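Please read the structure below before turning to the comments.
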Amino acid sequence: MKKDRATYRLLFVCLGNICRSPAAEGVMKAVVERAGQSDRFEIDSAGTYGGHAGEGADPRMQRAASRRGYRLTSRSRRIRLDDFEHFDRIIVMDDSNYESVHRMAPDSDSVQKIYRMVEFCRHHRASYVPDPYYEGAEGFEIVLDLLEDACQGLYEDVMREEGLNPETENV
Ligand code: 4NP
């Protein structure tokens, strides 16, 4: 790896950290596990709004994720200033999240770490991951469709950035 430490750190961010970003965390953990790369990654999530701090993922999101084989175990927390130092990439779900995180970023290096989740979609075309909180069941399925696509793309992007072949690399 290019960096002098072995772990690549990813933080997914949405508004409440109970729907989209916990699901992104769960899907990404499954992607790296399937690839045999769990040891190389630290994966976490946070919200720009702290009103759900301490809560598990929304039960509707948990059920939809569980049907696809993902277990969401995270507890909601608000993004902190030291996250900009700790994580290599901070990946947001929509433009509002982008603005909130950008406003908080302490310096230009931190701004460079902010990405939009949909940048990594290889099959779906979307300009953001829509907030499912006030939507019906279909909203959660749309989120998971986008996240599964984007997490695979993100994994490949990180591995290439690290000079590793995502197709063949195995520990
Ligand atoms: P999330 O969804 O940002 O995907 O976790 C939401 C969760 C809670 C609220 C809004 C969106 N809320 O207004 O409490």
Side-chain angles (χ1 to χ4, degrees), residues 8-33 41-106 110-155 157-158:
Y8 200 95
R9 294 169 175 154
L10 300 171
L11 180 69
F12 296 102
V13 175
C14 61
L15 176 62
N17 191 213
I18 54 169
C19 296
R20 292 166 292 175
S21 60
E25 178 186 333
V27 172
M28 194 67 196
K29 283 178 173 167
V31 166
V32 302
E33 194 167 320
F41 286 83
E42 179 184 327
I43 299 165
D44 195 6
S45 63
T48 59
Y49 163 68
H52 292 278
E55 294 177 21
D58 185 302
R60 297 167 295 170
M61 190 80 251
Q62 291 205 39
R63 274 195 298 276
S66 161
R67 281 195 293 271
R68 298 188 191 206
Y70 308 109
R71 229 164 62 82
L72 309 185
T73 56
S74 66
R75 293 271 146 200
S76 176
R77 73 169 178 89
R78 194 174 193 178
I79 185 171
R80 300 184 295 260
L81 207 51
D82 66 4
D83 289 326
F84 291 93
E85 172 66 29
H86 184 75
F87 290 94
D88 297 296
R89 296 193 191 194
I90 297 175
I91 303 126
V92 302
M93 301 297 141
D94 63 28
D95 289 345
S96 170
N97 307 151
Y98 189 94
E99 279 164 32
S100 304
V101 173
H102 190 281
R103 217 178 300 125
M104 222 182 135
S110 302
V111 170
Q112 299 294 318
K113 294 182 177 184
I114 311 171
Y115 296 80
R116 288 177 171 81
M117 191 63 174
V118 290
E119 285 177 44
F120 303 106
C121 283
R122 299 292 178 258
H123 302 289
H124 291 80
R125 273 169 182 269
S127 46
Y128 60 94
V129 181
D131 185 348
Y133 192 67
Y134 296 106
E135 304 297 326
E138 197 195 352
F140 293 87
E141 299 302 331
I142 291 168
V143 167
L144 287 168
D145 289 345
L146 291 172
L147 295 181
E148 287 181 326
D149 187 6
C151 282
Q152 188 59 38
L154 172 61
Y155 169 71
D157 195 67
V158 168

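We count ligands from 1, going down the list as the structure has it; atoms in each ligand are counted the same way. Keep in mind that this is a model prediction, so the values were computed, not measured.
With hydrogens left out, the protein atom closest to atom 1 (P) of ligand 1 is C14 SG, 3.5 Å, a heavy atom. For atom 9 (C) of ligand 1, the nearest non-hydrogen atom of the protein is Y133 CD2, 3.6 Å.
Set against the non-hydrogen atoms of H52, the atoms of ligand 1 under 4.0 Å away are 8 (C), 12 (N), 14 (O). For ligand 1, the atoms lying closer than 4.0 Å to a non-hydrogen atom of Y134 are 13 (O). Every atom of ligand 1 is numbered from 1 in the order shown, and the set under 4.0 Å from a heavy atom of C19 is 1 (P), 2 (O), 4 (O), 5 (O).
Using a cutoff of 4.0 Å between basic side-chain nitrogens and carboxylate oxygens, R60 and E135 are not scored as salt-bridged. A salt bridge does not link R9 to D83: none of the charged nitrogens lies less than 4.0 Å from a carboxylate oxygen. In summary, R89 and D157 engage in a salt bridge, as defined by a charged side-chain N under 4.0 Å from a carboxylate O. By the 4.0 Å N-to-carboxylate-O rule, E25 lies close enough to K29 to be salt-bridged with it.
At under 3.5 Å, a nitrogen or oxygen of R20, whether backbone or side chain, sits near a nitrogen or oxygen of ligand 1.
Considering each of N17, L15, I18, D131, the one bringing a non-hydrogen atom nearest atom 2 (O) of ligand 1 is D131.
Remark: R116 is not positioned above the aromatic ring of Y128, lacking an NZ or CZ atom under 6.0 angstrom from the ring centre and at most 45 degrees off the axis.
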